[in-house]
Trainee: 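Dumping the structure here so I can ask a few things about it.
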Amino acid sequence: MAELFTLPVLVGILYSGIRLATPYLFAAIGETFAQRSGVLNLGVEGIMLMGAFSGFYVGMKTGSPWLGLLAAAVVGILMGLLMSFISITMQAEQGISGIGLHLFGLGLSSLLFKTTMGGVESIEGFKAVRIPLLADIPYVGESLFNHNLLVYAAFLLVPLSTWVLNKTTLGLKIRAVGQNPQAADTLGVNVTRVRYFCVCLGGMLAGIAGASLSIALINLFQENMTNGMGFIAVALVYFGGWRPLGVMGGALLFSFVNAFQLWIQVKGINIPSDFAIMMPYVLTILALAFATKRAQGPAALSKPYERGEN
Amino acid sequence: APQATEVPSTVFKVAIVMPSSITDMAFSQSMYEGLKKVQAEMGGESAMEIAYSENMFKVPDAAAAIRDYASKGYNLVIAHGSQYGTSLQQIAPDFPKTAFAWGTSLDTFQAEGINNVFAYQAEAQEGGYVLGVVAAMMSKSNIIGETGPVDAGDAKLYIEGFQKGVLATKPDAQVSVTYTGSFSDVSLMATAAETHIAAGADMLTGSSQSVVGAIGICKDKGAFWFGTQWDQTSLAPEAVIASQVYDWTGIIKDMIASVKAGVMGGKGYTLTFKNGGLVIAYNPAITVPAEVKAAADAAIAAINDGAIAP
Amino acid sequence: MKRVLNKVFEALLPLLAVPVAFLIGAMMLLALGANPLEAYGAMIAGAFGDVSGLTQTLVKATPLLLVGLGVCIAFRGGVINIGGEGQIIVGALAATAVAVGFKEWPGLVLLPLCMLAGVLAGAMWGGVPGILKARLGVNEILSTVMMNAIAVQLSNYLLRGPMIDPKEIEAGTRIAQSALLPRSVWLARLVPQTLLHSGAIIAVVLAVVVFIFLWRTTIGYRIRAVGLNRDAAKYAGINVPFYQALSLILGGAFAGLAGAIEVMGVQHRMMENLASGYGFSGIVAALFGSLHPLGSIPASVLFGGLLVGADKMQRAVQVPSALIDTLLGLVVLLVVGSQVISRRRAHRRETRG
Amino acid sequence: MTRYLSSGRPILEEMRMQGIVKRFPGVLANDHVDFDVRTGEVHALLGENGAGKSTLMRQLYGMYKPDEGKILIDGKEMHFNSPQDAINAGIGMIHQHFMLVPGLTVVENIALGLKSSRGPVLDLDRVEKRVLELGEQYGLKVDPRAYVWQLAVGEQQRIEIIKALYRGASLLVLDEPTAVLTPQEVDDLFVTFKRMASEGHALIFISHKLNEVLAISNRITVLRDGKNAGTRPNENVTRVELAQMMVGRPVILQYNRPPVEAGPVRLRIQDLHVRGDRGKDAVDGVSLEICGGEILGLAGVSGNGQRELAEALAGMRPVRQGRIILNDKEVTNGSPLQHINVGQSYIPEERMKEGAIREFSVADNMILADHGKKPYSRHTFLDFKAIREQVGKIVSDFNVKTPSLDTPVKNLSGGNIQKLILGRELSRCPSVLIASQPTRGVDIGASEYIHQRLLEQRLCGTATLLISEDLDEIRALSDRIAVMYEGRIIGIVDSKDATPDRLGLMMAGVETA
Ligand SMILES: Nc1ncnc2c1ncn2[C@@H]1O[C@H](COP(=O)(O)OP(=O)(O)OP(=O)(O)O)[C@@H](O)[C@H]1O
Ligand SMILES: Nc1ncnc2c1ncn2[C@@H]1O[C@H](COP(=O)(O)OP(=O)(O)OP(=O)(O)O)[C@@H](O)[C@H]1O
Ligand SMILES: [Mg+2]
Ligand SMILES: [Mg+2]
């Protein structure tokens, strides 16, 4: 065990954990917005796949990861619009709409991949940007400040979204709509518009989350490459108590433990690999079980709003 | 209702049912492309027809597909996954006019009185051993990383063979093995590669369709990769040194010839260096020193004459 | 009578969205160079057109219905169980372990014991999130998602270690699957030469039982009360955390049974990917059935048929299998999206009446 | 020529609703109603529970669309698709059921939907300053930084009023704004309303309290069964006439309380300490004893610990210190079920949230606490025949107006839900009854009925704790009256000696001998 607590290992965990956390952060913060406005979107995974594909495809065809990112964001918004239309305008049960959206995204992304590309290819995605002075900090500098732009962006999203939720009129509307849409409605807040906005924002961020894999972290697309990340991201929203900072805590915990369990295997510690692989899942549950403060979710979460029905 | 008789006898009809997709750059693609090659040799679609069902990870679905193809009069139905064996054993007796094949296994169920099943298996450990020799000789750090999906089946054979090859060449080399617990988790596979590299590995290998994630990391970090099942050079010409390629054409041709001759099963095939089913494909863009290639060839020769049993 | 007819009509109305989904699918098929008429013909014929298709549909519908029943109970109790995947896996593992471990025992004892093992394992897998929620307020979406991943790894471990088929070790292939279950626990085939097994009957009977349980017993009453208004239920002396946990446990028990029945009726051994998708498809089936146990019966058959038919279609016109997921996704989206239309119709009808 | 209010908004000369029809499943809530209000007047709207008052006003505020009829403002026909449209037309509304977001602070609730002085960024300090000013000006005390979920209903009502004042509408609809206020607060509020009217606002005022209606309004319209039963100028009507117009029969406005032999002590509370939502002791050492056959009234301004006391007595809120003894059995920190099993009934203050399940049918709601007992169930199976029989009886005894026993409770009017809950709790023949605000928001006919039932219950030996802010009600029903102030019982007086003045002083925290 002692060999796990050496400096290179800890530095390695820090580096890998931050990278692993990036797609979770984008997706989970997007989902935080959707849920704070009262919409449970279980389709994050499908949106991520569509974002990953479109980001990759456009990036590959144009040679510009920036255009790929833009494409992923746009496709994410479109998927968000679809979810919004079904679950907000048509007031469908949100859980099942999300599962439908997931299936749709899963299928369509592979279908497009098959018909347009036919095989796995790789591209040059976003390059690591070393932040001059900070990256020179001994030990941790390289781990923290030598990443590609999307990694930084994911972490900057945390204070930004906290600020939006708590300090802006838009954030106030989002929080109100998620808790008591009728009250917000009677004050002239357009519940539908706020929810559309949040779900589409969530979709955009989920699209970017997918793209962060395909054009920044791994630089290729493969069918079903997110492999359940979208669902973990939804779970992390609950872990984080619907607060971006908490979500970041959850994403980092999950990712650090995941990075750690790989080190356990690399160092040849003698436990079955399956149990090592379980660790992040088990610890995430345990961490939440023993957390002292538990947040209350948005009261209107997953309840469609119809005026007059009250 | 079965329409077996309506098929013009000039066209040889082959169907294949696969657990992953025809573009997985691994197990399924290797078989599918093998069929395509044979088809081309036989004179295109007028001579041989290929039908496929991909992503059949649910065994009952695969069983339904196998039964369906058999009843539609396909001459040879390939169940390309060892998990399909139990079902095949139940289906084959119902269609004595159809030949079936399955792998990876060597059990043709003749002991159970079934005579229309071929079986095939790739001796993945052979190529693993040879690539292990190459990796050991080219490694500067003498640290080598292997990463697989689940510690079982073809992946296990390959990974253990590779390890043997390394240790036979450099007994003091350090080989560490990680598993991600999933055949499709591209992202965790990438992190596993990252971890191996951080632990000092300069030569990496791995199995399953999710290794594409690991290959990208090798490219970024300047480490080298060895592929298996499929020639993975195209993904990272600067990082992939060599791949063990499965060439199923020999087996396919033999099966077709057998069926045409009226022998519907009972043969177990192996994919080995000796019969040309396994090929080491070097990446022309990376110079492998002559003595390394010589050592690899020597290993192949030793395997072929039984001096080494990986 | 008219009222009932109206209700039935309104329940079926959303199914009119299916053709719309298929229309979109048709455009995709055309784009892929396939003939939509041929494709859909194959789909419908494949799912319902002959004995083989029909039985396959029912085979698929069985786990969907069982999982769906668990989903109904959980949703009625106000908890969202998306842990069906994991619960199926552990249910199947437990049934397999018992069957293989006591294979000499007479079938009369062993068969129910295997089912019980599946039920208990599923109940335990649902119970962990249930108790965590009741005792520590851990959200069940989080814990059930995590429990799914844990179950997969547990299964990986068992199937390549303690539970691996000794024959696999002998043969050196080491395929991760268990030994074959003794014949004494195989569920009887209802139609020879097909996979349709008596588990389908068990599922339908249980649907009726769940209906009675939820609407005719005090425990069911409490579960529904807790699901609709926790505060009021609490004031009425109902132990809210207990019934929330109970609904998750029962949800798990049904999924666990689905797993047990799947190995005993279809696969006859435990292997990887046994659950894949049923946990989620069961939610879809339950919701198509308006979260009503009896409604879940036709909904499961319909959804099962869709899955089977789509596979057939893929083979008939040779399009990538991804098209199936796309199409299913569209069907789900459009069907739930159009449920509001029948709700509004009902509302209008009652307002006039 | 448009005239303007002091706030700079245009004066709304006249609002006229013509032939309004609104249907709900099984109910004709508004049946060709004509109604109008003019600048400078307070027009009161009266009617039994479920008469259609709120429905009419919700159409005016754009929350429902009328099935038939027109809404005219200054002669121009309006089509309101959302509250936003109504707000734009100068209409404001205080809703009967609070439209507050519990997880937001008071200022956040007030700032919601308003333009911020700092563009997209909130400026809560500025809102807070203005809220404090308004509170000062109109005698509405609030803590702007508290979370709404921490507040008692009375405080929530004040926030609703401030919210409306802050927005400054030309036409203000007040749907039962006084239901949860103390008499003093009501007096202060009326001063405000009168001033607003004299400035040129138009006000619509809904209340079940006839004296309030007579005190404030210029004209009075009575709705009965969705129809306009008549509009009268204030000067020409009396309480009795109004009551008769509403109910269709004479209403007793005075009760007689025959003396009852006090039985054994049934509820004993000893030095009880209970934490409030704000973390401090909301109940701070309360001791009380109530005997069988006795009604103990608990008066006090809302927010002085009554809610927390009631919740602790129901087993819903942990007791930090002290004991609760029910029928000689200690139930301190016992579950609600334990309380129920010892023979306690409870009528919660927040009825929609805690007293009933909206989606459940009338029958299902009736058996909420007793579904596990005979005759409702046997061996865990519910007995529907027995349920329908019993429930049918309670429904007709308590005169609950419902289309059927299978109607979801959410389709009943609030007053009828109230009767349903009361019927349920009283028909269990409790030995101890905790009744929180049992007639709040209930029409006079129904209140009369509820009061009579409470008095009957007294005759058969129930010990009742009656928590109410309605001093008339407390004085009419109670044998003894305790006054709660800042978490303590500041005094207990015999109801004979409880003059309104004396109670008022005690409620303000002045101990009188
Ligand atoms: N959203 C709704 N759905 C169905 N029925 C409704 C709805 N809202 C009101 N009703 C019904 O319409 C009728 C009128 O209700 P309304 O709320 O207007 O009464 P009210 O006069 O305000 O009564 P109260 O004095 O109790 O407030 C009642 O019978 C009520 O049950
Ligand atoms: N707390 C609530 N939350 C949501 N809807 C409610 C609530 N209370 C009442 N309603 C709805 O309002 C409709 C009409 O009831 P209304 O608002 O007129 O009640 P009320 O009799 O005035 O209430 P109360 O007497 O309790 O003040 C009901 O049918 C119900 O659907
Ligand atoms: Mg009302
Ligand atoms: Mg009322």
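In what follows, every chain begins at residue 1, and chains take the letters A, B, ... in the order their sequences are listed.
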Trainee: Of the backbone (N, CA, C, O) and the side chain (C-beta and beyond), which part of D:Ile357 lies under 4.5 Å from a heavy atom of chain C, both, or neither?
Mentor: both
Trainee: Please confirm whether the backbone N or O of D:Asp364 pairs with a side-chain atom of D:Ser361, one donor and one acceptor, at under 3.5 Å?
Mentor: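 Checking the backbone N and O of D:Asp364 against the side chain of D:Ser361, a donor-acceptor pair under 3.5 Å is found.
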Trainee: Given that the side chain runs from C-beta out, which part of D:Ile367 has a heavy atom under 4.5 Å from chain C: side chain, backbone, both or neither?
Mentor: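 Interface part for D:Ile367: both.
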Trainee: Enumerate the side-chain hydrogen bond (donor to acceptor under 3.5 Å, both in side chains) contacts for residues 129-138 of chain C, please, sequence neighbours excluded, ordered by first and then second residue.
Mentor: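 For residues 129-138 of chain C, and leaving out neighbouring residues, the side-chain hydrogen bond (donor to acceptor under 3.5 Å, both in side chains) pairs sorted by first residue read C:Lys133-C:Glu140.
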Trainee: Check whether C:Arg224 gets within reach of chain D through its side chain, its backbone, both or neither, counting any heavy atom under 4.5 Å.
Mentor: both
Trainee: Would you mind reporting whether D:Gln156 and D:Trp149 have side-chain heavy atoms less than 4.5 Å apart?
Mentor: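 Not touching, per the 4.5 Å side-chain cut-off.
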Trainee: Under 4.5 Å heavy-atom distance to chain C, tell me which part of D:Phe381 shows up: side chain, backbone, both or neither.
Mentor: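 Contact with chain C is through both the backbone and side chain of D:Phe381.
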Trainee: In terms of heavy-atom pairs under 4.5 Å, which option from D:Thr380, D:Asp383, D:Leu337 contacts chain C the most?
Mentor: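 If we count pairs closer than 4.5 Å to chain C, D:Thr380 comes out on top.
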Trainee: Yes or no on ring pair (Phe, Tyr, Trp, His ring centres under 6.0 Å) for D:Tyr376 and C:Tyr221, after CA distance, side-chain angles and deciding distance?
Mentor: CA-CA 12 Å; D:Tyr376 300 134; C:Tyr221 175 90; 9.7 Å; no
Trainee: When heavy-atom pairs shorter than 4.5 Å are enumerated against chain C, which of D:Arg424, D:His371, D:Gln338 gives the highest number?
Mentor: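 Top option by heavy-atom pairs under 4.5 Å: D:His371.
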Trainee: Report the option among D:Gly372, D:Gly355, D:Ser377, D:Ala356 that has the most heavy-atom pairs separated by less than 4.5 Å from atoms of chain C.
Mentor: D:Ala356
Trainee: Heavy-atom cut-off 4.5 Å, strictly under: side chain, backbone, both or neither for D:Ala314 against chain C?
Mentor: side chain
Trainee: Donor-acceptor pair, distance only, cut-off 3.5 Å: does the side chain of C:Thr217 make one with the backbone of C:Gly220?
Mentor: yes
Trainee: Quick check: do D:Leu326 and D:Leu267 have side-chain heavy atoms less than 4.5 Å from each other?
Mentor: yes
